[in-house]
Every structure is written in structure tokens, then in C-alpha cells.
Amino acid sequence: MPRCSSRTFHLAWISLALVGPACADITATWNGTSGNWTDAARWSTAPIFPNNNAPDFYDAVINAGVIALNQNIAINQLALGGGTLGGGSTLSLAEGFAWSGGATVALTGAGKFVLGVGSASAVSGSAVFQSGTIVGGGAATIGVPSGAAFLALNQAAFFADIASPAYTFDNAGTFTARATSGAGFTSMDAVFNNTGVVNVELAGGTSHTLSLAGGGVHSGAFHLQAGTTVEFGGTTTLQDGASFDGNGIGVVAGNVLVTGGISGGNLTVAVGELNLGASVFDLSGTARQTGGTLRIGGGTLSVAAGLGTLIMDDGTLTGVGTLDANLSAQGIIAPGAALGTLGVSGAAAFGTDAQLAIEIGGASGGSFDLLTTASASLGGTLDLRLFNGFMPGFGDSFTILTASSGVSGFFANAPLDGSRLDTTDGLGSFAIDYTATSVVLTQFIPEPSSVLLAAVAGSLLVARRRRATSASR
């Protein structure tokens with residue numbers, strides 16, 4: 001077995017180390033039979049099996065056979081070109097892996113790969129990750145280039161090292177998450193970036209979820225079979241050209257920013273925030289919100305070319321863009337950013353748990369919130385707040401909702417035309433006027449303490465001016 005050598009010479013004023021030939025990794029190749037990793041006779045380095053033990057460091061090569069990890073092993077790199085690697089122990093890879101051909105990893109129980117800090121792993125050809133976990137250390141990367149394919153089955157998991165979690169999976173080829181039995185769940189704590197194609201599918205399973213909890217940047221495609229879900233978690237950016245289609249569901253489970261024109265099939269906003277900014281998001285299927293925030297900046301969310309419905313079971317819809325759809329609301333509708341107009345191209349129906357939240361920061365258009373719709377069926381409650389110290393006059397009026405085809409119903413906390421409603425910040429109250437096509441706030445009356453505070457502030461200002469005038473004489 002080749003070893004590294006060194007000799008040290010000590011002079012009166014210096015120590016000089018003379019090192020022998022540079023240490024190179026020792027390559028150990030499996031002989032293609034079936035057995036345990038520790039069967040030294042099956043390796044080309046017999047009578048020693050590859051397991052780093054200074055000064056010997058190993059690269060292992062497996063091209064055929066069935067190998068079981070029967071104890072924890074540490075090597076520098078694994079070249080996996082064929083065969084099957086299984087077992088329930090840990091394989092630590094200081095420099096990562098090169099996975100090619102039709103090789104399969106089928107780890108059992110607590111079996112896992114642990115990628116070294118800063119390691120770079122690559123997939124070429126077709127890789128099958130049948131079971132197990134790949135844990136990545138800080139700055140570890142796995143790359144699937146164009147033309148390569150990575151298949152993750154059932155409960156395959158990609159976990160970040162808690163102590164150094166910056167771990168990245170870059171897919172420019174084809175990444176497939178597939179359930180072959182029962183309910184599959186592919187967990188991706190690594191940052192997952194997709195410029196290629198991602199498939200989430202069933203092949204005998206009942207459902208499958210690809211959880212992208214680590215976030216990432218996507219400009220590629222997601223194809224979602226019926227019964228499958230992709231969860232966009234962490235901090236996720238959907239760039240121009242990103243898409244998801246099929247009868248599965250794309251779920252917002254983190255903070256998702258849309259920075260370009262993208263398209264989708266079925267969408268659910270569950271937790272976190274979907275922020276469209278000034279972008280256009282075209283959905284061909286269903287749109288649902290069960291929680292979190294849907295923020296339409298200056299852009300557009302279109303559902304079935306405007307003929308579909310955003311069903312809000314909970315959460316907050318906000319922004320100054322356009323919902324090109326109908327709206328069935330049980331959550332909070334809060335136009336503005338912070339003040340401004342939110343448009344709904346279709347009909348808006350407010351359920352009993354809906355709340356229209358309006359802020360008023362001035363008497364001119366654009367300085368208070370407004371919701372515009374084609375028609376409005378009112379229900380739920382109206383929440384009014386003054387913004388940034390603004391105090392309306394009694395003669396000011398504020399149109400906070402318009403519906404070109406008509407308004408029906410009332411808010412539960414303002415059940416009659418002319419009802420008076422207190423602001424939730426306690427600064428005063430408005431009369432609520434329901435017209436055929438709008439809801440208007442009029443006749444603001446400040447709460448007495450607000451009047452007193454305004455009077456005191458006015459007196460202090462007058463006193464300051466008088467003192468300033470006297471001082472200047």
C-alpha cells in the first residue's frame with residue numbers, strides 16, 4: 001500500500017520538513033459481485049477495504065454488483081457507474097460523488113450519504129435514488145446537467161446539515177420524484193434550483209409530494225400528475241418562463257417572489273407569501289388560498305383567462321394590481337401597498353368570515369384604499385383605519401368600493417344604509433352609504449379624545465409661533 005513519507009531536519013535556527021511524493025487518493029474498485037462493503041477480498045485494494053485512515057485516503061469505484069453498507073464508512077469520493085449500493089449505515093464522502101450509468105442507491109433504515117463541506121457531486125446518465133437520505137454539508141452541491149436524469153422514489157430525502165446548512169441541488173436536466181406505493185414524500189431541505197424539468201408522478205402510489213423546503217430559483221418547468229403536489233417553500237423565486245402544469249397542485253408554502261411572466265395549472269396559497277410584484281401569473285386551473293398572503297403588486301393574477309375563481313378560505317389578499325378572476329372571499333381583502341387600488345375583474349362575493357380592510361390617508365384619489373369589481377355581494381365585516389396621522393373633515397367623502405354591475409347586501413357591522421361605523425384605531429367614526437354601484441364613507445366624526453389631542457396640538461403650535469415672534473423683535 002503506498003504511503004506518504006516525510007522527514008524533518010532540525011538546524012540551530014530552523015526546522016525544515018522534506019516531504020516525499022504528494023499523497024494521492026488510493027482507488028479501490030469493487031469486483032462486481034454481491035457482498036458487504038467490509039468484504040476486503042472484493043476490493044482491488046485487498047486485504048484492505050476503502051475506509052479513510054490517515055495517511056490512506058480512498059476513492060471507491062462501483063460499476064456492478066450489489067453492495068451493502070454494513071458499517072459507517074468514510075472515503076474521499078465515490079464513482080458509481082452501475083450496480084446497487086444499499087445497507088443502513090453512513091457513507092461519508094469528503095469530495096462528493098460522481099453518479100453515472102444506471103446505478104441505484106437503495107439505502108435502508110438510517111442509511112445515508114453525508115457530503116463533505118464544499119464538496120461537488122455530479123450526476124451523468126441516469127441515476128436512481130430508490131431510498132435513503134443525502135445530507136449536505138456547508139456549500140456542498142449536487143448538479144444534474146442537461147441530458148442527465150435523477151429519479152427519486154417514495155420517501156427519498158435531501159437534508160441539510162443543521163450545523164452548516166448551505167447545501168444546493170442544481171437541476172438543469174430532468175429530476176423526477178415518483179411514488180411507487182402509498183403516499184410518497186420527497187423532502188428537499190437543500191436549496192433546489194431548476195432550469196430544466198421536474199416531474200412529480202405516481203407509478204402505483206396513491207399520492208406524492210415534492211417539498212422544496214429549502215427554497216430556490218426556478219425558470220424551468222414542473223409537470224405535476226394528478227394526485228401530486230409541489231410545495232414551494234423557504235425563499236423561492238419564480239423567474240420569467242417558469243411554469244407548472246398538469247392536474248397536480250402547486251402550493252405556496254414559503255415566501256415566493258414572482259419576477260417574470262410565468263404560468264401554472266392549479267395553485268394553492270397555504271402559508272407564507274406569494275408576491276407577484278409587477279409580474280403576470282397565468283393559471284389555467286384552479287386557484288385557492290387557505291392561509292398566508294397573496295400580494296398582487298402592480299401585476300396580474302389571471303385564473304382561467306379571467307373566467308375562473310380565486311377561492312379564499314383564509315389568509316390575506318392585498319396589493320395594487322389586478323385579480324383577473326372572480327373572488328369568493330372568506331379571508332382578509334386589503335387593497336393598497338400601503339394605500340391604493342386593488343382590482344377584481346369579475347364578481348366579488350364576501351362570505352361571513354370575510355373582512356374588507358380599508359386605510360384612509362387623505363381625501364384625494366389614491367390616498368385611500370379602493371376595491372374595484374365588476375359586481376359585489378357584500379357580507380362579513382368592514383375594517384376602517386386612519387393612516388399616517390390623517391384626520392378627515394366632516395364634509396370629506398371616500399369611495400372605498402365600486403362595482404360597475406352593482407352592489408348587493410351589507411357588511412354585518414354596518415347593516416343599513418347610513419350606519420355609523422367606528423374606526424378600529426378608535427379615532428372616530430364614518431357613516432356608511434351604500435349606493436347602487438359603490439360603498440362610500442361620509443360624515444367623519446372624530447372621537448372626543450382625538451378632538452382634544454388635535455386642539456392641544458394646535459395650541460402648542462400657536463404658542464411656539466408666538467414665542468418665535470417675540471424672540472425676533
Side-chain angles (χ1 to χ4, degrees), residues 28-39 42-43 49-51 58-116 119-137 140-145 148-161 167 169-171 173-181 184-190 192 199 203 208 210:
T29 302
W30 183 259
N31 67 3
T33 60
S34 297
N36 291 326
W37 186 286
T38 56
D39 292 343
R42 302 175 191 272
W43 292 98
F49 62 87
N51 192 23
Y58 293 87
D59 293 340
V61 177
I62 302 171
N63 290 318
V66 178
I67 307 163
L69 276 170
N70 60 318
Q71 74 172 52
N72 293 341
I73 298 294
I75 61 175
N76 277 5
Q77 188 177 68
L78 172 65
L80 189 58
T84 300
L85 177 59
S89 296
T90 297
L91 178 61
S92 297
L93 300 168
E95 298 170 4
F97 57 75
W99 194 340
S100 62
T104 297
V105 172
L107 301 174
T108 58
K112 60 186 175 182
F113 286 178
V114 176
L115 306 180
S119 62
S121 298
V123 173
S124 59
S126 178
V128 179
F129 188 31
Q130 183 170 307
S131 56
T133 300
I134 300 178
V135 179
T141 61
I142 299 175
V144 181
F150 192 103
L151 172 61
L153 298 175
N154 300 316
Q155 305 295 326
F158 303 80
F159 290 154
D161 184 338
Y167 162 36
F169 194 114
D170 293 313
N171 177 57
T174 300
F175 180 92
T176 299
R178 178 188 297 164
T180 60
S181 64
F185 190 88
T186 300
S187 177
M188 181 69 70
D189 286 357
F192 185 84
N199 301 308
H208 197 82
L210 171 59

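Numbers here simply count residues along the sequence, with the first being 1. Computed over heavy atoms, backbone and side chain alike; hydrogens, waters and symmetry mates excluded. The shown structure was predicted, so the numbers you read here are calculated from the model rather than taken from an experiment.
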**OP:** Please tell me if the side chains of Ile75 and Leu93 come closer than 4.5 Å, counting only heavy atoms from C-beta onward.
**Re:** yes
Subject >> Smallest separation among heavy atoms of Ser119 and Gly96, with atom names >> reply: CB-N, 3.7 Å
Subject >> Least distance between heavy atoms, Ala160 atom then Asp189 atom >> reply: N-CB, 3.7 Å
Original post:
Looking at CG of Asn63 and OG1 of Thr29, how far apart are the two atoms once the value is rounded to the nearest 0.5 Å?
Top reply: 7.5 Å
Original post:
With sequence neighbours left out, which residue pairs that include part of residues 62-106 fulfil the ring pair (Phe, Tyr, Trp, His ring centres under 6.0 Å) condition?
Top reply: Phe97-Trp99, Trp99-Phe150
Original post:
Only one of Thr133, Val105, Val135 forms a side-chain contact (heavy atoms from CB on, under 4.5 Å) with Phe113, so which one is it?
Top reply: Val105
**OP:** State the OG1-NE2 distance between Thr176 and His208, to the nearest 0.5 angstrom.
**Re:** 10.0 Å
**OP:** Please report the shortest heavy-atom distance between Gly116 and Ala140, naming the atom on each side.
**Re:** O-CB, 3.7 Å
Original post:
Between the side chains of Thr33 and Asn31, is a donor N or O closer than 3.5 angstrom to an acceptor N or O?
Top reply: yes
**OP:** Taking the side chain as every heavy atom from C-beta outward, state whether Leu91 and Leu85 have any pair of such atoms under 4.5 Å apart.
**Re:** yes
**OP:** For residues Trp37 and Trp30, establish whether the separation of their ring centroids is below 6.0 Å.
**Re:** no
Original post:
Taking atom OH of Tyr58 and atom CG of Asn76, what is their separation to the nearest 0.5 Å?
Top reply: 11.0 Å
Subject >> Flag, side chain of Arg42 to backbone of Ser34, donor-acceptor distance under 3.5 Å >> reply: yes
Subject >> Test item: side-chain donor near acceptor, Thr180 and Asn154, under 3.5 Å >> reply: yes
**OP:** Nearest 0.5 Å please: distance from the CD atom of Gln130 over to the CD atom of Gln155.
**Re:** 12.5 Å
Subject >> Minimum-distance pair of heavy atoms, taken over all atoms of Ala152 and Ala156 >> reply: CB-CB, 4.0 Å
Original post:
Which heavy atom of Ala28 sits nearest a heavy atom of Trp43, and at what distance?
Top reply: O-CZ3, 3.5 Å
Original post:
Quick one: CG on Leu69 to NZ on Lys112, what's the gap to the nearest 0.5 Å?
Top reply: 12.5 Å
**OP:** Could you please spell out the steps behind the side-chain contact (heavy atoms from CB on, under 4.5 Å) verdict for Gln71 and Asn51?
**Re:** CA-CA 10 Å; Gln71 74 172 52; Asn51 192 23; 3.8 Å; yes
Subject >> Candidate list Phe192, Tyr167, Phe185, Phe129, test ring pair (Phe, Tyr, Trp, His ring centres under 6.0 Å), partner Phe158, passing option >> reply: Phe129
**OP:** Starting from the C-alpha separation in whole Å, work towards a yes-or-no answer on side-chain contact (heavy atoms from CB on, under 4.5 Å) for Ser121 and Leu115.
**Re:** CA-CA 8 Å; Ser121 298; Leu115 306 180; 3.9 Å; yes
Subject >> Shortest non-hydrogen contact from Gly82 toward Ala103 >> reply: N-CB, 3.5 Å
**OP:** Give a yes or no answer on whether the side chain of Ser131 reaches the backbone of Leu107 with a donor-acceptor pair at less than 3.5 Å.
**Re:** yes
